[in-house]
Amino acid sequence: MSEANKTPHLDPAWGIGTRAIHAGQPPESVTGAVMTPVFQTSTYAQPHPGAWPWEYSRTHNPTRTALQEALAALEGAKHGLCFSSGLAAIDTIIRALPPGASVVCGDDVYGGTYRLFTREWSRFGLNFTFVDTTNPELVIPEGTALVWLESPTNPLLKTSDIRAIAEKAHAVGAKVVVDNTFATPVFQRPLELGADVVMHSTTKYLNGHSDVIGGCILTSDDALAARYAFLQNAVGAVPGPWDCFLVMRGLKTLHVRMERHQASAQAIVAWLQGRPDVARVHYPGFGGMVSFVLKGDLDAATRFVKATHLFTLAESLGGVESLIELPAIMTHASIPAEVRAAIGLDDGLIRLSVGIEDLADLRRDLEGAFAAAAQA
Ligand SMILES: *Cc1c(COP(=O)(O)O)cnc(C)c1O
């Protein structure tokens with residue numbers, strides 16, 4: 001069974017839930033095990049020198065291959081590649097660019113993305129320009145190699161018109177990458193909107209259980225996929241088979257979890273919008289992420305996030321459990337204060353990752369935090 005000529009286990013008619021459970025994951029061929037096994041091995045016995053498709057687990061591992069095929073199927077991509085973290089996937093996409101390349105990037109991207117671009121890759125002569133990708137007048141300059149989009153953005157949850165930006169980017173010969181971590185393929189499939197590449201931090205919704213760090217790249221562009229596969233093996237930032245197994249296990253409930261995340265987030269947004277002690281609510285209309293600004297100062301916001309019990313004060317997002325955080329001090333602290341101010345990221349902004357606990361319990365938890373925040 002060579003990877004190159006094996007047909008992926010996928011029926012094009014399958015919907016997103018069936019893909020999450022079955023794509024790339026047929027029963028195992030030796031025992032019929034329904035769940036893809038953890039192939040916890042570094043190397044493979046070869047029947048004849050060089051005549052075996054499985055050589056070494058940095059290059060290929062059957063558990064990883066199953067996950068890669070499942071993730072590709074969810075985004076409607078021909079190729080999937082998994083990495084040891086979301087940032088390792090991002091690093092691979094940038095590393096694949098030629099020296100001196102110009103990248104146009106959203107001005108409200110994940111803090112770690114901003115840090116990798118400005119503090120590391122800019123040292124190697126790559127040029128990054130940060131722009132408001134939600135601006136319909138956005139111009140992609142001639143000579144741009146790559147456009148980096150996050151939609152919705154983090155933590156302001158602003159959305160960009162992926163289709164319109166892809167048209168403008170392609171007109172100047174630029175490729176478009178979308179970090180689809182927040183939306184997930186359940187709510188948004190960027191390749192169908194004209195993007196060339198999708199990446200995810202699988203750490204978040206795709207795994208969904210806050211127990212793995214991982215990332216992936218999905219594309220139907222054969223040349224880019226070959227370049228990323230070369231780098232996956234040559235650089236070696238690969239996930240182990242156990243982590244791949246856990247992400248695959250989490251993936252099987254993705255569609256059901258996302259429905260519940262969204263239903264509870266929508267209910268909480270409606271409730272927050274009706275409160276006199278809330279200055280502003282950010283929500284793109286779909287998904288499980290919500291951010292809002294409390295009336296009052298940073299101390300009030302700090303009292304708020306310390307007072308919740310079910311909403312755990314923690315970085316990250318997308319797990320079954322609810323999380324709460326202060327981006328300016330936590331996830332986005334690596335973005336300079338003046339840049340945060342320029343993009344409207346208030347120091348008192350509170351971000352919620354709405355989990356799938358009972359909604360009434362979540363609301364009661366937030367109710368208690370509003371009371372704590374009001375006690376100066
Ligand atoms: C978490 C995150 C990343 C980075 O992924 P890691 O798995 O933490 O390396 C990138 N983009 C977004 C939108 C994220 O939320």
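First listed ligand is number 1; within each ligand, the first listed atom is number 1.
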Does Ala369 offer a backbone N or O that forms a donor-acceptor pair with the side chain of Arg303 under 3.5 Å?
no
How about Phe39 and Tyr44: are their ring centroids closer than 6.0 Å?
no
Among non-hydrogen protein atoms, atom 13 (C) of ligand 1 lies closest to Asp179 OD2, 3.4 Å
Tell me, with the steps shown, if Val278 and Val293 meet side chain to side chain contact (heavy atoms under 4.5 Å, CB included).
CA-CA 6 Å; Val278 171; Val293 180; over 6 Å; no
Is there a nitrogen or oxygen of Asn154 sitting under 3.5 Å from a nitrogen or oxygen of ligand 1?
no
Any donor-acceptor pair under 3.5 Å linking the side-chain atoms of His60 with those of Asn233?
no
For the pair Phe370 and Phe292, name the ring-plane relationship: parallel under 30°, tilted 30 to 60°, perpendicular over 60°.
tilted
Could you tell me whether some N/O pair between Thr203 and ligand 1 is separated by less than 3.5 angstrom?
yes
Top protein contact for atom 4 (C) of ligand 1, by heavy-atom distance:
Tyr110 CE2, 3.4 Å
Heavy atoms of other groups near Arg249 CZ, more than 12 under 6.0 Å
no
Any idea which part of Leu87 is under 4.0 Å from ligand 1, heavy-atom wise: side chain, backbone, both or neither?
both
Which ligand 1 atoms are under 4.0 Å away from a heavy-atom of Lys204?
1 (C), 2 (C), 3 (C), 14 (C), 15 (O)
Between ligand 1 and Gly86, is the shortest N or O to N or O distance under 3.5 Å?
yes
Using a 4.0 Å cutoff against the non-hydrogen atoms of Gly214, which atoms of ligand 1 qualify?
7 (O)
